[in-house]
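Values below: all heavy atoms of this structure, side chains included; hydrogens, waters and symmetry mates excluded.
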Amino acid sequence: MAVSDPCIISVAITGSGTTLAQNPNLPCTPEQIATSAIESWNAGAAIAHIHVREADGKPTHNMDYFREIVERVSSETDMVLNLTTGGYTGLDPHLRLEPLTLEPELASFDAGTMNFGEGVFMNPPSFLREMAASFNEYNVRPELECFDVGMIYNCLNLINEGLIDGPLWWQFVLGVRGGAPATPKMLLHMVELLPEGSQWSAIGLGRGQLPMNTMAIIMGGHVRTGMEDNVYYRYGELATSNAQLVERCARLTRELGREVATPADARRILGLKGGIGVR
Ligand code: ZN
């Protein structure tokens, strides 16, 4: 990581927890999700993180929807696609891994079990190993999603066991109720624990989004924004689109003296394979 590297902006389009009641602009259908990803690419996002939903906003795991989104986004952009393996609360853990069969360049790798709001997000050690083996089988780079400090060590254990190898790409998800808070001190601490040569990005939930994104830009990390993590543009004002949030990250990146990474830059920085998502 270096402040001289371009800053990679990931956009998390819809997630599984945000509701239409929280923000009616939330993309839900495959067409809406793909359109929002393409608008975000135009605004400066290099990576799109994808979950799928029914038109009424209900989270689902319909692989046809994943396929449709991949096809739509890949036909119009060179965006890197990052498919979820977190799915949604209550989804069978093995079904969570199905998007790997589409062999995306990246997929989320949730690095441990935690309380998540009022629920429990189950990722026990045996499942982490199974998940790492699936990533290797389909040659998908894991985005190591760490919601707390201990999850970094879960990943380091898997690295020591030879189940995950580099280049390492970490995503710190801060501010989930049950996980580490979205504070500058927490982010500094987590970054200090990473092995040499790591690349990392930071997410802050809700009101933590803008401060964590700004910290990451200053520190030489990368950022994720989008309506999976936050539905507001500023206090009391709902975001009108994912692209609006991406535009602000791109503007901040440039104001703070860094370039905004293109998808080609992201592939170079993260050593990605290309393929799906490449025009
Ligand atoms: Zn997600």
Side-chain angles (χ1 to χ4, degrees), residues 1 5-16 27 33-52 66 69-86 99-100 102-110 135 138-146 166-173 198-204 209 212-213 216-217 220-230 241-253 258-279:
M1 74 188 182
D5 276 343
C7 179
I8 300 167
I9 301 174
S10 291
V11 59
I13 303 287
T14 190
S16 65
I33 290 169
T35 301
S36 185
I38 294 163
E39 288 171 2
S40 297
W41 172 72
N42 276 317
I47 300 176
H49 172 61
I50 303 295
H51 291 244
V52 293
F66 278 107
I69 292 163
V70 165
E71 277 165 21
R72 282 179 182 272
V73 177
S74 307
S75 68
E76 292 195 38
T77 78
D78 62 349
M79 247 180 157
V80 175
L81 290 173
N82 168 2
L83 306 185
T84 181
T85 68
L100 297 177
L102 298 180
E103 302 185 18
E105 288 181 270
L106 281 172
S108 54
F109 184 101
D110 296 296
F135 273 74
Y138 293 103
N139 191 23
V140 181
R141 174 71 51 77
E143 178 169 290
L144 304 169
E145 285 198 344
C146 295
L168 299 173
W169 172 230
W170 306 81
Q171 186 71 263
F172 299 130
V173 189
S198 290
Q199 293 287 340
W200 61 272
S201 172
I203 299 168
Q209 187 175 64
M212 289 302 101
N213 287 171
I217 294 167
H222 306 280
V223 302
R224 182 173 108 175
T225 188
M227 294 168 77
E228 174 167 347
D229 306 326
N230 168 42
S241 66
N242 282 297
Q244 183 194 28
L245 295 167
V246 171
E247 261 165 32
R248 177 164 60 187
C249 279
R251 194 165 65 242
L252 271 172
T253 298
R258 291 178 67 187
E259 297 294 318
V260 175
T262 63
D265 291 329
R267 289 189 171 91
R268 176 178 53 76
I269 293 166
L270 303 182
L272 297 176
K273 65 183 179 184
I276 191 174
V278 179
R279 188 158 34 180

*Does the pair Tyr138 and Leu102 meet the rule for a side chain to side chain contact (heavy atoms under 4.5 Å, CB included), with working shown?*
CA-CA 8 Å; Tyr138 293 103; Leu102 298 180; over 6 Å; no
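- Looking at heavy atoms from C-beta onward, Glu247 lies out of side-chain contact with Ser241 at the 4.5 angstrom threshold.
- What you find for Gly221 and Cys7 is that their closest heavy atoms are O-SG, 3.9 Å.
- Atom-to-atom distance recorded for Ile9:CD1 and Trp41:CH2 is 14.5 Å, nearest 0.5 angstrom.
- Applying the side-chain contact (heavy atoms from CB on, under 4.5 Å) test to Arg248 and every residue at least two apart in sequence or in another chain returns Leu210, Tyr233, Leu245, Arg251, Leu252.
- For Ala12, the side-chain contact (heavy atoms from CB on, under 4.5 Å) partners at least two apart in sequence or on another chain are His49, Arg224, Glu228, Asp229.
- Partners of Trp169 by ring-ring contact (aromatic ring centres under 6.0 Å, His included), not counting sequence neighbours, listed by chain and number: His222.
- Heavy atoms only, all atoms of each residue included: Val11 and Gly226 are closest at CG2-CA, 4.2 Å.
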*Stepwise, does the side chain to side chain contact (heavy atoms under 4.5 Å, CB included) test hold for Ile8 with Gln199?*
CA-CA 10 Å; Ile8 300 167; Gln199 293 287 340; 5.8 Å; no
*Start with the C-alpha distance between Arg267 and Val80, add both sets of side-chain angles, then the distance that settles side chain to side chain contact (heavy atoms under 4.5 Å, CB included), and finish with yes or no.*
CA-CA 8 Å; Arg267 289 189 171 91; Val80 175; 3.7 Å; yes
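- Ser74 contributes no side-chain N or O that, together with a main-chain N or O of Glu71, makes up a donor-acceptor pair within less than 3.5 Å.
- Atom CG in Leu272 sits 11.0 Å away from atom CG in Leu81 (nearest 0.5 Å).
- Closest heavy-atom contact between Pro27 and Met227: CD-SD, 4.3 Å.
- Taking CG of Leu270 as the start and CG of Leu168 as the end, the distance is 11.0 Å to the nearest 0.5 Å.
- In this structure, CD1 on Ile13 lies 5.5 Å from CD1 on Ile50, to the nearest 0.5 angstrom.
- Of all non-hydrogen atoms in Gly271 and Pro167, the two that sit nearest each other are CA-CG, 4.4 Å.
- Taking CG of Asn42 as the start and CD of Glu76 as the end, the distance is 9.0 Å to the nearest 0.5 Å.
- By the 30° and 60° cut-offs, the orientation of the rings of Trp200 relative to Phe172 is tilted.
- Residues Val70 and Leu83 meet the side-chain proximity criterion, which asks for heavy atoms closer than 4.5 Å.
- A search for side-chain hydrogen bond (donor to acceptor under 3.5 Å, both in side chains) contacts involving Asn242 returns Ser36, not counting sequence neighbours.
- The two atoms that bring Ser40 and Ala243 nearest to each other are OG-N, 3.7 Å, heavy atoms only.
- Residues forming a side-chain hydrogen bond (donor to acceptor under 3.5 Å, both in side chains) with Ser201 (at least two apart in sequence, or on another chain): Gln171.
- By the side-chain hydrogen bond (donor to acceptor under 3.5 Å, both in side chains) test, Gln244 pairs with Thr240, sequence neighbours left out.
- Closest non-hydrogen pair, Ala45 versus Met79, comes out as O-CE, 3.7 Å.
- Side-chain atoms of Arg141 never come within 3.5 Å of backbone atoms of Lys273 as a donor-acceptor pair (strictly under, hydrogens ignored).
- Side-chain atoms of Thr85 come within 3.5 Å of backbone N or O of Ser108 as a donor-acceptor pair.
- Proximity of a side-chain donor or acceptor of Thr253 to a complementary backbone N or O of Glu259 within less than 3.5 Å is not detected.
- The CD1 atom of Ile38 lies 6.0 Å from the OG1 atom of Thr77; values are rounded to the nearest 0.5 Å.
- A distance-only check finds a donor-acceptor pair linking the side chain of Asp265 to the backbone of Thr262 [under 3.5 Å].
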